[in-house]
Amino acid sequence: MSVIDYLLESEGHVSFNPKKHNKLHFQLCRLVKDEIREHKWIEGEKGRNLTWEEAVNEWMEQHYQAFINAVVPKARINTYPQWIKDIKY
């Protein structure tokens, strides 16, 4: 299971395991999870009661690319794993 799959499988807290996870990838994925939680909350304030899965799918479709462009320097994108560059939900 990839780090992103591990973190996004549920809305709850997940633990970092240095024997299983790369710290940089884990932190990047945690930022994604925080953004999805915020998206879910904002949509809830608008009256949309999204499930965690709906929030993940919607955020990934609408905001993931802009988020990666803002967080990862363009010169470094090719050095990141394929899942960061090509993830689709």
Side-chain angles (χ1 to χ4, degrees):
M1 176 183 287
S2 72
V3 175
I4 193 88
D5 291 334
Y6 171 67
L7 279 167
L8 297 182
E9 71 181 337
S10 75
E11 191 172 359
H13 173 77
V14 292
S15 299
F16 173 71
N17 182 341
K19 293 180 181 179
K20 287 184 171 181
H21 306 121
N22 175 295
K23 189 172 183 176
L24 175 63
H25 298 158
F26 192 85
Q27 289 174 335
L28 182 60
C29 293
R30 292 254 341 245
L31 288 173
V32 168
K33 188 169 189 169
D34 290 344
E35 291 292 320
I36 294 169
R37 283 185 182 133
E38 184 175 340
H39 173 74
K40 185 177 181 216
W41 178 80
I42 289 168
E43 293 304 311
E45 290 294 306
K46 295 177 184 176
R48 295 183 65 213
N49 189 18
L50 299 176
T51 66
W52 177 247
E53 185 177 332
E54 290 169 335
V56 168
N57 291 331
E58 192 171 284
W59 188 89
M60 292 300 243
E61 289 174 12
Q62 296 175 6
H63 305 289
Y64 178 78
Q65 193 59 54
F67 174 82
I68 289 299
N69 290 341
V71 173
V72 180
K74 289 191 187 299
R76 300 266 333 256
I77 286 180
N78 286 332
T79 65
Y80 281 82
Q82 194 64 35
W83 66 264
I84 289 178
K85 297 182 280 184
D86 295 335
I87 193 164
K88 293 189 180 19
Y89 278 89

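For the side-chain contact (heavy atoms from CB on, under 4.5 Å) with Glu54, the lone residue among Val56, Asn57, Thr51 that qualifies is Thr51.
Here Leu50 contributes atom CG and Ile36 contributes atom CD1; the two are 11.5 Å apart, rounded to the nearest 0.5 Å. From Glu58, atom CD reaches atom NZ of Lys40 across 12.0 Å, with rounding to the nearest 0.5 Å. Rounding to the nearest 0.5 angstrom, the gap separating the CG atom in Leu31 from the CD1 atom in Ile68 is 9.0 Å. Taken from NE2 in His39 to CG in Asp34, the straight-line distance is 14.5 Å, to the nearest 0.5 Å.
Using a 4.5 Å cut-off on side-chain heavy atoms (C-beta onward), Leu28 and Phe67 make contact.
No continuous path of hydrophobic side-chain contacts links Ile42 to Val32 [ILVMFWY only; heavy atoms under 4.5 Å]. Val71 and Tyr64 fall within the same hydrophobic cluster, where Ile, Leu, Val, Met, Phe, Trp and Tyr residues are linked whenever their side-chain heavy atoms come under 4.5 Å apart, directly or through other members.
Counted by atom type alone, Glu35 and His63 present zero donor-acceptor pairs between their side chains at under 3.5 Å. Looking at Asn69 and Gln65, their side chains do bring a donor and an acceptor atom within 3.5 Å of each other.
In this structure Glu43 satisfies the salt bridge (charged side-chain N to carboxylate O under 4.0 Å, His left out) test together with Lys46, Arg48, sequence neighbours excluded.
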